[in-house]
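As the structure lists them, so they are numbered: ligands from 1, and atoms in each ligand from 1.
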Amino acid sequence: MAAKITSIKGMRDLFGAQLRSWRRMESVFSTLCLRRGYSEIRTPYLEATELFVRVLGEHTAVVGKEMYSFVDKKGLPLSLRPEGTASIVRAYIEAGLPYDSPHARFFYMGPMFRYEQPQKGRQRQFHQFGVELFGLASPAADVEVIALAHNFWRELGLTENISLLLNSVGCGDCRPAYIKALQAALQAVRDRLCADCKERILTNPLRVFDCKKPNCQAEFEHLPKIIDHNCDACRSHFGEVKRGLEALSIRYRLDPLLVRGLDYYTRTAFEWRAEGLGSQDALAGGGRYDRLVAELGGPQTPAIGFALGCERLLIALETAGSSAPASSASIDILPLDPESQFLALKLQAELLGATSYTVTVNVSGASLKTQLKQASKNAAQFVVIIGETERRSGEAMVKTMATGEQKSVAIQDLTRFFPLLG
Ligand code: HAM
């Protein structure tokens, strides 16, 4: 036997029940976004490496260790996108949108790539759904984006075992003084930190908080907190965000150590954690990034967004017992000879047009017994049996699989018979 080729580590195939849940998530998410005025955006999976280096930050784990980067045949450094925000900001500026439609709402769904150690809820190709809202600086915009995600969880039936963590990571005015205070405090405990954190003290001190090592985490409790260094404008913005969330009865928990793993955030930063995800419990995350559009060559434009991990959402839904039910409204047509197969295909088209049932035709040519076995494996609700006798009499046999009840129905009446049942 020829050697088998397997999928790449950390990259998975999706089918069956998982894909059914996935499609349900996609459909709920896109409807929810479209009905709130967000339009879909699709950007290429490959971008110039420089885009991610500039947007996410050179010293972040994503850029430093996790990107799939290569040089193309012309020598251009390219990378598979590790997240969506950078590409969407690039596309927004490139299309000239900040100039003619300063308020823009986008949503997106698609694969992202990070070279991480695969484990439950963590893959090298994973998928995100997200939104990005441009041009609005008001705290109400933060509340709008957080409420959108909140409503998505609710529509999927995920109401318990999920928590929203909130912080304010300051702005260009107040962060430099905080970074200085943080650097000084880190220097004082330098010896107790891991090698990566020691390096970050000089390169990008805020990134120490991304370290998950227990020894380092124990030190973080005592470090100065960014929220205590917020300027008046940031403090007032954050106060309004919290008031808005309370007005919408969205529960949150303040987490002064939440700084998110990417460099572009300003002011509001947030993350949802879900039970059942083990150590990879960040279900979604986002925040404001008011400087990014200008840093990438556009006009000064405030922005905010979030993204959620689809694989993690699937696990959270399974844990909460809220996976998509198998579609039960289905008819399998079982033709017993070649002539009946053609008639069955014609009937399939008619039934698909007249009803909302899933209709499949068994064209295997197998015996009735085998076809019935296959139909029950497919969880068909009804089967329609057509053989030579049925063609002659013009009456098909319709069997209700759950009860075993059989009924003769005129073939020409089938398109009226099923809608009456449904
Ligand atoms: P992020 O926190 O890096 O943010 O990723 C968002 C979500 O993607 C995470 O909460 C997690 O559910 C999922 N995720 C990340 N890495 C993996 C992985 N290796 N395997 C499975 N799931 C993963 C961003 O990407 C920002 N662009 C979010 C944002 C949008 N901020 C503003 N706008």
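- Using a 3.5 Å distance cut-off with no hydrogens or angles, the side chains of E132 and Y38 do not pair a donor with an acceptor.
- Given atom 20 (N) of ligand 1, the protein heavy atom at minimum distance is Q123 N, 3.0 Å.
- Rounded to the nearest 0.5 angstrom, N204 CG and E199 CD are separated by 11.0 Å.
- Annotation for ligand 1: atoms under 4.0 Å from non-hydrogen atoms of A284 are 10 (O).
- The proximity of Y108 to ligand 1, defined as any non-hydrogen pair under 4.0 Å, is limited to the side chain.
- Checking each of R288, R267, R243, K242 against D142 for a salt bridge (Lys or Arg N to Asp or Glu O under 4.0 Å) leaves exactly one that passes, namely R288.
- The number of heavy atoms from other shown groups lying within 6.0 Å of CZ (F220) is above 12.
- Taking every non-hydrogen atom of A307 and a distance limit under 4.0 Å, the qualifying atoms of ligand 1 come out as 6 (C), 7 (C), 28 (C), 29 (C), 30 (C).
- Contacts between Y265 and ligand 1 below 4.0 angstrom, taking non-hydrogen atoms only, involve the side chain exclusively.
- Scanning the protein heavy atoms around atom 32 (C) of ligand 1, the nearest turns out to be G305 O, 3.3 Å.
- Heavy-atom separations between Y115 and ligand 1 are all 4.0 Å or longer.
- Put simply, CG on L186 and CD1 on I201 are 5.0 Å apart, with the number rounded to the nearest 0.5 Å.
- The distance criterion of under 3.5 Å between nitrogen or oxygen atoms is met by A282 with respect to ligand 1.
- The nearest protein atom to atom 6 (C) of ligand 1, hydrogens excluded, is given as Q128 NE2, 3.3 Å; this is a heavy-atom distance.
- With ligand atoms numbered from 1 in the order given, ligand 1 contributes 10 (O), 12 (O) to contacts under 4.0 Å with heavy atoms of L283.
- S79 and T49 form a side-chain donor-acceptor contact under 3.5 Å, judged by distance and modelled atom types alone.
- Counting non-hydrogen atoms of other residues, nucleotides and ligands closer than 6.0 Å to CZ of F70 gives a total above 12.
- If you number the atoms of ligand 1 from 1 as listed, the ones under 4.0 Å from a heavy atom of Y264 come out as 26 (C), 27 (N), 29 (C), 31 (N).
- Close to ligand 1: L262, with a non-hydrogen atom less than 4.0 angstrom away.
- With hydrogens left out, the protein atom closest to atom 14 (N) of ligand 1 is F126 CE1, 3.4 Å, a heavy atom.
- If you check the side chains of Y264 and T85, you find a donor sitting under 3.5 Å from an acceptor.
- Scanning E83, R114, E66, R260 for the heavy atom closest to atom 3 (O) of ligand 1 points to R114.
- The atoms of ligand 1 that sit less than 4.0 Å from any heavy atom of E132 are 30 (C), 32 (C), 33 (N).
- Not a single heavy atom of E271 sits less than 4.0 Å from an atom of ligand 1.
- Taking every heavy atom of T85 and a limit of under 4.0 angstrom, the matching atoms of ligand 1 come to 26 (C), 27 (N), 29 (C), 30 (C), 31 (N), 32 (C), 33 (N).
- The aromatic ring centres of F107 and F129 sit 6.0 Å or more apart.
- Using a 4.0 Å cut-off to heavy atoms of G285, the atoms of ligand 1 that qualify are 10 (O), 28 (C), 29 (C).
- Each of the following atoms of ligand 1 lies closer than 4.0 Å to a heavy atom of G286: 31 (N).
- A salt bridge between E144 and R105 is present, with a side-chain N of the basic residue lying under 4.0 Å from a carboxylate O of the acidic one.
- Backbone and side-chain nitrogen or oxygen atoms of G309 are examined, and one is located within less than 3.5 angstrom of a nitrogen or oxygen of ligand 1.
- For the pair E311 and ligand 1, no heavy-atom separation below 4.0 Å is found.
- G121 counts as a contact of ligand 1, since one of its heavy atoms falls under 4.0 Å from the ligand.
- Results of the side-chain hydrogen bond (donor to acceptor under 3.5 Å, both in side chains) test with Q280 over E116, K120, Q123, R312 single out R312 as the only residue that passes.
- Residue pairs meeting the side chain to side chain donor-acceptor pair (under 3.5 Å) criterion with at least one partner in residues 214-230, sequence neighbours excluded, are S168-N230, R192-E219.
- Not a single donor-acceptor pair under 3.5 Å links the side chain of R273 to the backbone N or O of S163.
- Judged as a salt bridge (Lys or Arg N to Asp or Glu O under 4.0 Å), and not counting sequence neighbours, the contacts of R260 are E271.
- Among all non-hydrogen protein atoms, the one lying nearest atom 19 (N) of ligand 1 is E116 OE2, 2.6 Å.
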